[in-house]
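Just so you know, residue 1 is the first one in the sequence shown, and it goes up from there.
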Amino acid sequence: MEQNTPLQISFENLSYAVKVRAKSDQAPKTVVDRLKAVFSKARYEDKVILNDLSGAFRPGRVTVILGPSGSGKTTLLNLLAGHESSGTVSGNIWVNGRQASGASIRQLAGYVHQDDVILPTQTVREAITMSIILRPPPLSLVSPKSPETAVASIHELREPESNPREKDVLPLPATTKDQARHTGAQSKRNDKDAAKAKQQARSSHAIQLFGLEKCQDTNIGDSSAKGVSGGERKRTAIAMENVTQAPILFLDEPTSGLDAHSALMVMYQLKAVANEGRTVVAVLHQPSSEMFEMIDDLLVLFEGRTVYLGERAEFVDYLAQLGHPCGMYSNPADHVFNSVLYEHLRGSKRMGTQTIAVERAEQLLTQWRQSPGAHKLQQLIDAPTLAPITASQFRRTSPPLVQVKYLTKRAALNAMRNKLVVNIRLAQAVFFGLLIGFVFLNTQDRPVSVQRQNFSGALFFTAVTQFLLSILSVVNVFTQERLVFLREWQGGYYGLPAYFVSKNLVEVPIQILMPIIYASISYWLLGLRSDGVKFVIYTVVCICLNLCGFSFGLLLGSVFKNMSTILAALPGMFLPFLLFGGLLVNTGNSTVWLRWVQWISPIKYGYTAMMKNQFTDYVVDGQPIGDAYLEQVDLGSFSIGINIVFVLFLAFLAWVSAYIALLYLTNKGRGDPVKNNPKKLQQELLGAPDERFVQSMSREARVNHTLSSSAFSTNSSLQKARGWRTYVDRFRDRPASHITAFAVLHEITAIAPLFAVYYALSYYQPPTIFPIRVLEEGNRYINKLREYVGLEQLDPESPVLVHLATSYAIVKVAAPVRIAASLALTPWMAKWCVVPVAKTIEHLTKALRAKFKP
């Protein structure tokens with residue numbers, strides 16, 4: 001497997017504070033003072049969680065954060081992983097010397113939460129496979145090749161064949177359209193089978209690595225349905241993050257709640273992950289002696305301050321230097337808690353005050369800063385590894401269509417495996433259909449006054465039942481899935497549109513089927529008009545009310561967190577709809593300033609549609625009683641169709657509102673969406689190292705670093721080569737020279753503006769002093785130029801390089817040029833477009849070589 005660039009996380013003077021309500025200096029004594037305190041504006045003050053932390057987490061090592069509860073362990077982890085954005089952050093964070101933030105590190109890191117939130121109906125294998133499908137590994141780990149193979153692949157495209165006559169024309173496709181179609185379909189099937197086989201192989205490897213063979217086909221389960229054990233669930237959660245092959249892995253108390261053997265198994269697996277060259281940082285809660293020996297680096301926090309950060313092997317010696325030697329048979333993790341952090345409380349039965357704890361933390365911090373280990377750590381911070389971060393290391397997500405397809409399949413399986421929920425909904429449709437049918441059985445054979453009363457009551461009950469039961473069935477399921485959705489969305493499994501669409505694709509058919517069952521039972525038992533069209537309209541209205549209730553249920557589930565809150569808020573929404581539904585109050589003669597409520601009541605529109613469907617032109621014993629009764633109840637002048645449209649319109653408004661509520665929920669706490677745009681964050685990490693580290697390098701080291709830019713690394717060139725191969729496969733019946741010409745033009749158009757800008761600036765005196773930052777920014781294009789024109793020995797501070805760096809912003813023009821060339825150039829036009837450009841570039845290259853080559 002091709003190794004990623006190791007990533008080192010460094011931070012200096014890192015502090016984090018949150019706003020908390022200030023404590024009053026004096027408690028209110030009188031009633032007036034208390035009222036003033038209630039209605040006055042609350043005062044807030046900063047509570048410091050992390051105080052001036054500095055450190056570095058190295059790749060290929062397991063770094064563990066220890067400390068008592070409330071010391072800031074999880075806060076530091078969340079801050080670095082981009083899961084904490086509500087407070088105030090100060091200080092610097094770097095990844096391989098590049099200025100970073102938690103949001104940018106999130107593009108490179110996986111995160112295992114303390115509480116494992118996984119869909120209960122999924123099996124262990126399905127959960128791991130889902131992570132593989134929805135979060136493919138970084139590009140550098142897809143179809144890996146060695147650098148030598150990659151370079152050979154690129155040269156294979158560039159260098160002409162030794163005998164062009166023999167291979168001037170690529171193999172032709174099948175001779176007939178049917179054969180070509182069959183070959184293409186077979187190729188697609190083979191590709192799908194190969195991709196599925198790779199996914200299964202990776203899933204099996206992860207299951208074997210984390211010791212999950214026995215439970216791989218067992219459901220995850222929850223509190224109501226027994227599934228895997230706590231240790232197996234935790235290892236499954238770690239495996240789901242590990243298969244993404246993210247170069248950084250954060251874990252929040254991965255061993256909490258596990259027995260000694262399961263916790264030790266987790267540590268073994270974390271060591272295996274770190275041995276792949278990845279950066280592993282975990283928060284542990286008092287590890288055992290065996291686990292402690294497996295730690296590489298150790299960070300001890302107390303009251304948000306550093307007590308120790310260095311190699312685990314040197315920790316015991318450091319404590320001995322402080323006058324706290326650890327016994328031979330004592331666990332150092334227990335010793336640091338009992339004898340070091342809380343030394344001032346030894347023998348006391350009380351926890352002590354906050355002030356005493358802070359004073360002890362400051363004392364330990366001072367001792368640490370004066371130790372040789374702190375100076376060694378500062379040297380590591382000042383001289384980090386500056387290996388370039390490649391674009392292929394960033395975490396990826398699958399295309400939206402793949403997300404929708406997989407999530408729809410998973411939601412369908414989840415619905416089928418929740419047999420109790422499906423059976424209850426089916427039983428409700430049958431039960432209420434029979435109940436209303438037998439209560440109002442054969443109403444058509446009863447007196448006129450009874451018919452009007454019974455039909456009105458039965459239709460109103462139908463409207464209320466279809467709307468309310470749909471709401472309750474949705475919120476009952478959605479509140480359980482809400483936390484799963486948020487956790488998976490935060491983990492980068494899928495986007496909100498894919499989840500929302502898949503949820504509706506699975507639920508809508510159920511919302512259509514249940515009212516059909518209800519209508520088929522109740523309509524004929526009630527004795528409504530024996531007309532097929534009337535029955536269809538009645539069924540359509542029931543379906544629309546169900547869909548409207550489904551949308552309102554989604555809205556409630558999106559706005560409120562738990563079922564108890566929804567049940568408390570539901571009457572406030574539902575009872576006004578019920579009151580102005582058309583039966584309890586004559587809406588045409590109700591209170592004027594409250595009459596508007598009827599226009600937002602789905603029950604009113606559904607009830608009106610069913611009433612008009614039953615009573616319009618309704619005749620009993622030759623007497624037209626229906627129209628007169630409709631005028632009496634005054635349900636409005638809208639037709640049946642208009643009322644149905646209004647029900648669907650309200651459903652659409654609630655559906656859109658539910659999506660907006662989920663969008664707000666997912667964006668809450670993410671900070672500035674423009675500043676935290678993933679592409680912008682990735683570009684920052686792909687840029688040059690911080691000037692502080694570059695300036696501290698020697699001139700020779702700085703030049704070597706400038707020449708080793710990764711903007712056009714082997715991996716990037718390999719990806720371009722694969723793209724060219726795709727073009728070759730698409731036009732296999734065209735001459736190979738056309739394909740090569742297209743590839744040349746496709747690349748040359750990216751650097752052609754550089755030549756133009758250089759010649760435009762060559763008439764002016766180049767600046768004598770130029771910021772190294774600009775040189776590095778322009779370097780991503782300069783290296784491409786050096787690769788093509790053969791100026792490998794060119795001095796990075798030569799005039800031509802300065803000119804090209806100056807033109808960095810103008811090079812943006814190359815993007816539309818490349819797009820236009822890709823769209824306009826066809827194999828038939830290749831010789832007219834490529835040959836003149838290629839000749840011009842050839843002459844220009846010779847001129848540059850003659851002028852600047854040493």
| query | Are V506 and T408 close enough that some pair of their side-chain heavy atoms sits under 4.5 Å apart? | reply | yes
| note | Here the pair of heavy atoms bringing V62 nearest to A274 is CG2-CB, 3.7 Å
| note | Hits for salt bridge (charged side-chain N to carboxylate O under 4.0 Å, His left out) against R312, two or more places apart or cross-chain, chain-then-number order -> E293
| Greater than 12 external heavy atoms within 6.0 Å of Q208's CD | no
| note | Interatomic distance, CG@L567 vs CE@M563, rounded to 0.5 Å, equals 4.5 Å
| task | Hey, could you give me the CD1/CD1 distance between I128 and I238, rounded to the nearest 0.5 Å? | result | 11.0 Å
| message | Please check: side-chain N/O of N96 versus main-chain N/O of A387, any donor-acceptor pairing under 3.5 Å? | response | yes
| Heavy-atom side-chain proximity of L80 to F57 below 4.5 angstrom | yes
| Quick one: does Q403's side chain have a donor or acceptor within less than 3.5 Å of a partner on S398's backbone? | yes
| said: So if I apply the salt bridge (Lys or Arg N to Asp or Glu O under 4.0 Å) rule between E241 and each of K234, R487, R395, which one comes out positive? | reply: R395
| Do any N or O atoms from the side chain of S502 and from the backbone of A498 form a donor-acceptor pair under 3.5 angstrom? | yes
| Is any side-chain N of the basic residue among K503 and E481 closer than 4.0 Å to the acidic one's carboxylate O? | yes
| Test log, rule side chain to side chain contact (heavy atoms under 4.5 Å, CB included), inputs F500 and L554 | CA-CA 10 Å; F500 202 71; L554 281 181; 4.2 Å; yes
| field | Any donor-acceptor pair under 3.5 Å from R417 side chain to A412 backbone | value | no
| field | Derivation of the side chain to side chain contact (heavy atoms under 4.5 Å, CB included) call for F302 and Y308 | value | CA-CA 10 Å; F302 185 47; Y308 177 83; over 6 Å; no
| message | Tell me which one of L251, V64, T63 satisfies side chain to side chain contact (heavy atoms under 4.5 Å, CB included) with V280. | response | L251
| query | Which of these, L380, L386, I248, I381, sits in a side chain to side chain contact (heavy atoms under 4.5 Å, CB included) with Q8? | reply | L380
| query | Are a donor atom and an acceptor atom from the side chains of T129 and R125 found within less than 3.5 Å of each other? | reply | no
| task | Can you see which heavy atom on I65 is nearest to which on L77, and at what distance? | result | CD1-CD1, 4.5 Å
| query | E232: what forms a side chain to side chain contact (heavy atoms under 4.5 Å, CB included) with it, not counting sequence neighbours? | reply | L212, C215, V228, S229, R235
| query | Sequence neighbours excluded, which residues qualify as side chain to side chain contact (heavy atoms under 4.5 Å, CB included) partners of K214? | reply | none
| query | To the nearest 0.5 Å, what is the distance between CD1 (I49) and OG1 (T75)? | reply | 5.5 Å
| Under the 3.5 angstrom rule, does the side chain of S54 hit a backbone N or O of E12 as a donor-acceptor pair? | no
| In terms of side-chain heavy atoms, does T123 have a donor or acceptor partner in N219 at a distance below 3.5 Å? | no
| request: Answer yes or no: is there a donor N or O on one side and an acceptor on the other, between the side chain of R106 and the main chain of Q490, under 3.5 Å? | output: yes
| Under a 4.5 Å cut-off applied to non-hydrogen side-chain atoms, are S558 and Y659 in contact? | no
| query | At what distance, to the nearest 0.5 angstrom, does CG of L66 lie from NE2 of H285? | reply | 10.0 Å
| said: Working to the nearest 0.5 angstrom, can you tell me the gap between L686 CG and T390 OG1? | reply: 8.0 Å
| message | Using every non-hydrogen atom in the two residues, find where Y493 and L134 come nearest and quote the distance to one decimal. | response | O-CB, 3.3 Å
| request: With sequence neighbours excluded, tell me which residues meet side-chain hydrogen bond (donor to acceptor under 3.5 Å, both in side chains) with Q286. | output: D334
| query | What closest approach, in Å, do T565 and N562 show between heavy atoms, and which atom pair accounts for it? | reply | OG1-OD1, 2.5 Å
| said: So if I apply the side chain to side chain contact (heavy atoms under 4.5 Å, CB included) rule between Q480 and each of N476, V484, V477, which one comes out positive? | reply: N476
| message | Show, in sequence, the C-alpha distance, side-chain angles and deciding distance for T5 and I389, and conclude whether the side chain to side chain contact (heavy atoms under 4.5 Å, CB included) test is met. | response | CA-CA 7 Å; T5 301; I389 304 172; 5.9 Å; no
| query | So do L50 and S15 actually touch side chain to side chain, heavy atoms under 4.5 Å? | reply | no
| query | Can you name the nearest heavy-atom pair linking L309 to L299, along with the distance? | reply | CD1-CB, 3.6 Å
| Worked check of side chain to side chain contact (heavy atoms under 4.5 Å, CB included) between Q393 and L108 | CA-CA 7 Å; Q393 290 183 270; L108 296 163; 4.2 Å; yes
| Is there a donor-acceptor contact under 3.5 Å from the side chain of R61 to the main chain of D297? | no
| query | Quick one: does K561's side chain get under 4.5 Å of T479's, heavy atoms only? | reply | no
| task | Could you tell me which non-hydrogen atom of K73 sits nearest to which non-hydrogen atom of P68, and how far apart they are? | result | NZ-O, 3.1 Å
| note | Taken in chain and number order and not counting sequence neighbours, the residues that satisfy side chain to side chain contact (heavy atoms under 4.5 Å, CB included) with V508 are N504, I512, L547, F550
| said: With a 4.5 Å cut-off on side-chain heavy atoms, are H113 and H83 touching? | reply: yes
| Would you say N275's side chain and K271's backbone share a donor-acceptor pair under 3.5 angstrom? | yes
| Under 3.5 Å: donor-acceptor pair, side chain of N418, backbone of V421 | no
| task | Can you measure from CG (D222) to CG (L119) and round to the nearest 0.5 angstrom? | result | 9.5 Å
| request: Flag the pair M240 / I118 as yes when at least one side-chain heavy-atom distance between them is below 4.5 Å, and no otherwise. | output: yes
| request: Over 60° means perpendicular and under 30° means parallel, so classify the ring planes of Y499 and Y494, tilted if in between. | output: parallel
| message | Can you tell whether the side chains of K679 and E684 come within less than 4.0 Å, N to carboxylate O? | response | no
| said: Listing request: all ring-ring contact (aromatic ring centres under 6.0 Å, His included) pairs with a residue in residues 207-246, at least two apart in sequence or in separate chains. | reply: none
| task | Would you indicate whether the side-chain heavy atoms of T306 and V300 approach each other to under 4.5 Å? | result | no
| Sidechain-backbone polar pair: Q216 side chain, E213 backbone, donor-acceptor under 3.5 Å | yes
